[in-house]
Amino acid sequence: MVSTEPINQVTVGVLALQGAFIEHIHMLRSIPGVKQVIEVRTKAHLESVDCLIIPGGESSAMALIAERSGMLEPLRQFVRTKPTWGTCAGMIMLSDEATNAKQGGQELLGGLHVRVNRNQFGSQKDSFKTNLHFPTILGEKQSFPAVFIRAPVISKILDDSVEVLSRLEAKVGQTDAETIVAVRQGNMLATAFHPELTSDNRLHQYFVHLALQAKQ
Ligand SMILES: NC(=O)CC[C@H](N)C(=O)O
């Protein structure tokens, strides 16, 4: 019998300490090349996955739970070696530096050489949806529906290895640097918005493609 399954498959982990992880899990089930999706809460879970999504939620709460459950160091090691995608709070977790952080500071995982500014667009009521372009990965003409909820922005790129994938259209008075909302650095992907809250799975497909390539 001829199998229609892709030869290579990956086990995708979704960090499930806090935040919008269920929506990522549902979306991943529709992506070819995904063998299994695992909710990651422990070091053992982390060791069983090929790649990881860190969801949106509240980065300071996520960091606290990770610290209490002994996950900060295992996660720090993982994100530096295996494909990882941070969405919204997940993007903050991956960043080397964050401004507007929780009073008293908050732990980050780091590894992604950018500075983010938390809550760039204000509070929950300032959430918005907009169409973004990802010319290098989705083509010049295609747009992607992006949902921003208390979202961060990348305010500074700290290293040449970081590639800008998408920007918001600059508003009056905004510097160019305040518009970066998606980047890639090797096998690390970060988006300031929530792609799992739409029905468009193209960015999930892209991440799985990165993970499949890394496994070869
Ligand atoms: N939707 C989100 O993930 C919001 C992120 C949140 N403002 C934080 O700092 O963690």
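Numbering of ligands and ligand atoms starts at 1, following listing order. Predicted model, so just to flag it, every value in this text is computed and none were measured.
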Phe207 reachable from Leu138 in the ILVMFWY side-chain graph, under 4.5 Å edges: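 Yes, Leu138 connects to Phe207 through the hydrophobic network.
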Name the atoms and distances for all side-chain donor-acceptor pairs under 3.5 Å in residues 14-28, with sequence neighbours left out.
from, atom 1, to, atom 2, distance (Å)
Gln18, OE1, Glu58, N, 3.0
His24, ND1, His204, NE2, 2.9
His24, NE2, Thr87, OG1, 3.2

Are side-chain N/O atoms of Ser48 and His45 paired as donor and acceptor at under 3.5 Å?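 The criterion, which ignores hydrogens and geometry beyond distance, is not satisfied for His45 and Ser48.
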Inter- and intrachain pairs under salt bridge (Lys or Arg N to Asp or Glu O under 4.0 Å), touching residues 119-129, at least two apart: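 Counting only pairs at least two positions apart or across chains, no salt bridge (Lys or Arg N to Asp or Glu O under 4.0 Å) contact touches residues 119-129.
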Pairwise salt bridge (Lys or Arg N to Asp or Glu O under 4.0 Å) hits with a residue in residues 29-39, at least two apart: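 Checked against salt bridge (Lys or Arg N to Asp or Glu O under 4.0 Å) - neighbours excluded - the pairs reaching residues 29-39 are Glu39-Arg41.
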Please give the N or O to N or O pairs under 3.5 Å between ligand 1 and the protein, distances rounded to 0.1 Å.
from, atom 1, to, atom 2, distance (Å)
ligand 1, 1 (N), Ile149, O, 2.8
ligand 1, 1 (N), His194, NE2, 2.7
ligand 1, 3 (O), Gly57, N, 2.8
ligand 1, 3 (O), Gly57, O, 3.1
ligand 1, 3 (O), Ala89, N, 3.0
ligand 1, 7 (N), Asn119, OD1, 2.6
ligand 1, 7 (N), Arg150, O, 2.9
ligand 1, 7 (N), Arg150, NH1, 3.4
ligand 1, 9 (O), Ser59, OG, 3.3
ligand 1, 9 (O), Arg118, NE, 2.6
ligand 1, 9 (O), Arg118, NH2, 2.9
ligand 1, 10 (O), Ser59, N, 2.5
ligand 1, 10 (O), Ser59, OG, 2.8

Quick check against the 3.5 Å criterion: does Ser161 have a side-chain atom that pairs as donor or acceptor with the backbone of Gln185?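 No; zero donor-acceptor contacts below 3.5 Å.
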